[in-house]
Amino acid sequence: WTVFGQGHCQCSINKGIELSFQCSPRDFNSLDGPLPSAIDSQNLELLSMASNNLSGEITPSILSLKKLLTLRLQNNKLSGPLPPQLGDMRSLIFVDLSHQIRDNNPGFTGPLPSLSNLDRLRRLDLSANSLSGKIPDDFLDGVSSIFEYADLSTNKLEGEVPPSLSNIDGLYLE
């Protein structure tokens, strides 16, 4: 299927196989099905497909976007573990993968990967999923003083908060 945006933005999606953008905001478009397995723009800086009905796991095509600054996939029906390769996307500044739990979908599950390589990261929202286990000791070790917040609330995390997170004022766990 194909979706065309408004104004100067165009996006086409072919049965979850290919994704091509003129620009990326695809929020609130009732897109459904899996995330695309191929993205034709390695120069993509913004990937925003929030508040749709996208399902499945984060695909390698998204994890290979080395220039991506903003990843907004919140309020969909994504699931599975958060891939460790997310921690290798060094250009990321803003990540919102929150609110995947709906329609009997558990959202993201399993442990948190280390995001210590994301030294440009300013905002992280992983709330309202089913992430579990301990927060890794080096979870956000590499973030700078301009880091604003990490929302890990409404998950199944347990154990003590690592000392490395004690300097983060905007840490939400409940």
Shortest non-hydrogen contact from Ser51 toward Asn76: N-ND2, 4.0 Å
Side-chain donor/acceptor of Asn105 to backbone N/O of Leu78, under 3.5 Å: yes
Atom of Ser61, atom of Ser37 and distance for their closest heavy-atom approach: CB-O, 3.3 Å
Note, Leu97 side chain near Leu86 side chain (heavy atom, < 4.5 Å): yes
Contact check, side chains of Leu165 and Leu140, non-hydrogen atoms, under 4.5 Å: yes
Linked hydrophobic residues, Ile93 as query - side chain contacts closer than 4.5 Å: Leu69
Gap separating the OG atom of Ser116 from the CG atom of Leu121, nearest 0.5 angstrom: 11.5 Å
Carboxylate-amine/guanidinium proximity below 4.0 Å for Glu148 and Arg123: yes
Inter- and intrachain pairs under side-chain hydrogen bond (donor to acceptor under 3.5 Å, both in side chains), touching residues 162-171, at least two apart: Asp141-Ser164
Over 12 foreign heavy atoms within 6.0 Å of NZ, Lys66: yes
Counterpart residues, side-chain hydrogen bond (donor to acceptor under 3.5 Å, both in side chains), relative to Ser127 (two or more places apart): Asp125
Shortest non-hydrogen contact from Ser114 toward Pro136: N-CG, 4.5 Å
Residue pair Met49 / Leu35, side-chain heavy-atom distance below 4.5 Å: yes
Side-chain donor or acceptor of Ser79 paired with backbone N/O of Thr109 under 3.5 Å: no
Test log, rule side-chain contact (heavy atoms from CB on, under 4.5 Å), inputs Asp96 and Thr70: CA-CA 8 Å; Asp96 193 340; Thr70 300; over 6 Å; no
ILVMFWY clustering at 4.5 Å (side-chain atoms), partners of Tyr149: Phe94, Tyr172
Any side-chain heavy-atom pair of Leu47 and Arg72 under 4.5 Å: no
Listing, residues 151-162 side-chain donor-acceptor contacts under 3.5 Å, not counting sequence neighbours, or none:
residue : atom : partner : partner atom : Å
Asp151  : OD1  : Ser153  : N            : 2.9
Asp151  : OD1  : Ser153  : OG           : 2.6
Asn155  : OD1  : Asn129  : N            : 3.4
Asn155  : OD1  : Ser130  : N            : 3.4
Asn155  : OD1  : Leu131  : N            : 2.9
Asn155  : ND2  : Leu126  : O            : 3.0
Asn155  : ND2  : Leu152  : O            : 3.0
Asn155  : ND2  : Ser153  : O            : 3.2

Test side-chain contact (heavy atoms from CB on, under 4.5 Å) applied to Asn75 and Asn52, step by step: CA-CA 7 Å; Asn75 199 23; Asn52 285 290; over 6 Å; no
Gap separating the CG atom of Leu124 from the CG atom of Leu92, nearest 0.5 angstrom: 9.5 Å
Euclidean distance, Leu118 CG relative to Phe147 CZ, rounded to 0.5 Å: 9.5 Å
Whether Asp32 side chain and Asn53 backbone form a donor-acceptor pair below 3.5 Å: no
Exercise: identify the closest heavy-atom pair between Ile62 and Met89: O-CE, 3.3 Å
side-chain hydrogen bond (donor to acceptor under 3.5 Å, both in side chains) contacts touching residues 82-93 (sequence neighbours left out): none
Min side-chain heavy-atom separation Asn43-Leu65 under 4.5 Å: no
Minimum heavy-atom distance between Asn117 and Gly87, given as atom pair plus value: CB-O, 3.2 Å
